[in-house]
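Given the structure is predicted, the values throughout are model-derived calculations rather than measurements. Order of the sequence lines sets the chain letters (A, B, ...), proteins ahead of strands, with each chain counted from 1.
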There are 2 protein chains.
Amino acid sequence: MTTSPNADNGALLSDVLARIGDKWSVIVICRLDGRPRRFNELRRLAEGITQRMLSATLRRLERDGLVRRTVYATVPPQVEYALTERGRSLHMILYQLVDWTDDHLSGIQASRAAYDAAHAAPPEPRE
Amino acid sequence: MTTSPNADNGALLSDVLARIGDKWSVIVICRLDGRPRRFNELRRLAEGITQRMLSATLRRLERDGLVRRTVYATVPPQVEYALTERGRSLHMILYQLVDWTDDHLSGIQASRAAYDAAHAAPPEPRE
DNA sequence: CAGAATCCCGTAGGATACTG
DNA sequence: CAGTATCCTACGGGATTCTG
């Protein structure tokens, strides 16, 4: 840890999470890994995303310097989106969360089921 | 990396981020580090949180097995919240994000300023 | 002390239609 | 192809009040 990490960084972290904690940012970042992608290509890769949200997500990521937008003045307009160095470094951190998720998702789902069973409408808790 | 991580885990990751990407979860998790805390104690530590959101956040975290709730049948009712093992393991991952944020926040803010300057209302882009 | 219930509002985000 | 513009709804989340 480069800093004394405990108390106050929670709020700082919230800034980042507020940024990437939305529905699509992380998915787009993951889909941008490896090579640049074009708009409609991304649209297909990020299944379920709408034009509107893809557009908005990319603009935010670009504003934060996580994604670079390159326009080629070709006959059918062509635009490429690619991760910047900063975006790639974030992507590597996110992999840790992917791993954590892989390791804990089933356990979480089990916890949820148990919690719901214990708390949901116990009709007559027959003694 | 324990898994081939690329494409499809984005959606999986989104599940986790949807869970902890809200306004308060991460802050509460960070404030729960070290030792258990009581409700109003947490309320003071997570500055700005309302009862309603603290309550809801804790319930969700408990449901996911990230936090354990312990009730002591004392005269004034006393309830303690503590990170579970799973919660602690997540907390450690989050520290990586804290570090990343520390390293990149100023750069991000600079990017935002540059982006805004470049895109905001160029009244007459005097040639 | 530790919360549940109620009310209310802003915004994320989906569907759809239009444009350079 | 690569978007922008509108419209609309669901839900996160704040303020306030009530309770075991």
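- Taking 4.0 angstrom as the limit, B/Arg59 places a side-chain polar atom (N or O) nearer than this to OP1 or OP2 of C/dA4.
- As a whole-Å value, the separation of B/Leu45 CG from C/dA2 C1' is 16 Å.
- A residue-by-residue look at B/Ser55 and B/Arg52 shows that B/Ser55 has its nearest nucleotide of DNA chain C further toward the 5' end.
- Residues from residues 68-80 of chain A lying near DNA chain D, meaning a heavy-atom separation below 4.0 Å, are A/Arg69, A/Pro77, A/Gln78, A/Val79 in numerical order.
- One N or O donor and one acceptor, one from the side chain of A/Gln51 and one from the base of C/dA17, sit under 3.5 Å apart.
- A donor-acceptor pair under 3.5 Å links the side-chain atoms of B/Arg88 to the main chain of B/Leu83, judged by distance alone.
- Here D/dA15 presents its C1' atom at 14 Å from CD1 of B/Ile49, a figure rounded to the nearest Å.
- The distance between atom CE of A/Met53 and atom P of D/dA2, rounded to the nearest whole Å, is 19 Å.
- Between the CD1 atom of B/Ile20 and the C1' atom of D/dG12 there is a distance of 17 Å, given to the nearest Å.
- Residue-environment remark: CD (A/Glu47) stays at or below the threshold of 12 foreign heavy atoms within 6.0 Å.
- OP1 and OP2 of C/dT16 both lie 4.0 Å or more from every side-chain N or O belonging to A/Thr50.
- In this structure, A/Thr57 contributes its side chain and A/Met53 its backbone to a donor-acceptor pair below 3.5 Å.
- Atom NZ of B/Lys23 is separated from atom P of C/dG10 by 15 Å (rounded to the nearest Å).
- For B/Arg86 (side chain) and B/Asp64 (main-chain N/O), a donor-acceptor pair under 3.5 Å exists by modelled atom type.
- The pair A/Glu62-A/Arg59 fails the salt-bridge criterion, with no side-chain N (NZ, NE, NH1 or NH2) lying under 4.0 Å from an Asp/Glu carboxylate O.
- In this structure, of C/dG3, D/dA2, D/dG3, it is D/dA2 that holds the atom nearest to the side chain of A/Arg38.
- Here the OG atom belonging to A/Ser89 is positioned 8.0 Å from the CG atom belonging to A/Leu66, to the nearest 0.5 angstrom.
- Across the protein-nucleic acid pair, A/Phe39 atom CZ and C/dT19 atom C1' stand 14 Å apart, rounded to whole Å.
- Between the side chain of A/Arg31 and the backbone N or O of A/Leu45, at least one donor-acceptor pair lies under 3.5 Å.
- Spacing between atom CG of B/Leu54 and atom P of D/dG13 amounts to 13 Å, rounded to whole angstrom units.
- Taking the side chain of A/Tyr81 as heavy atoms from C-beta on, and the options D/dG3, D/dA15, C/dG13, the nearest nucleotide is D/dG3.
- Across the protein-nucleic acid pair, A/Asp22 atom CG and C/dG10 atom P stand 22 Å apart, rounded to whole Å.
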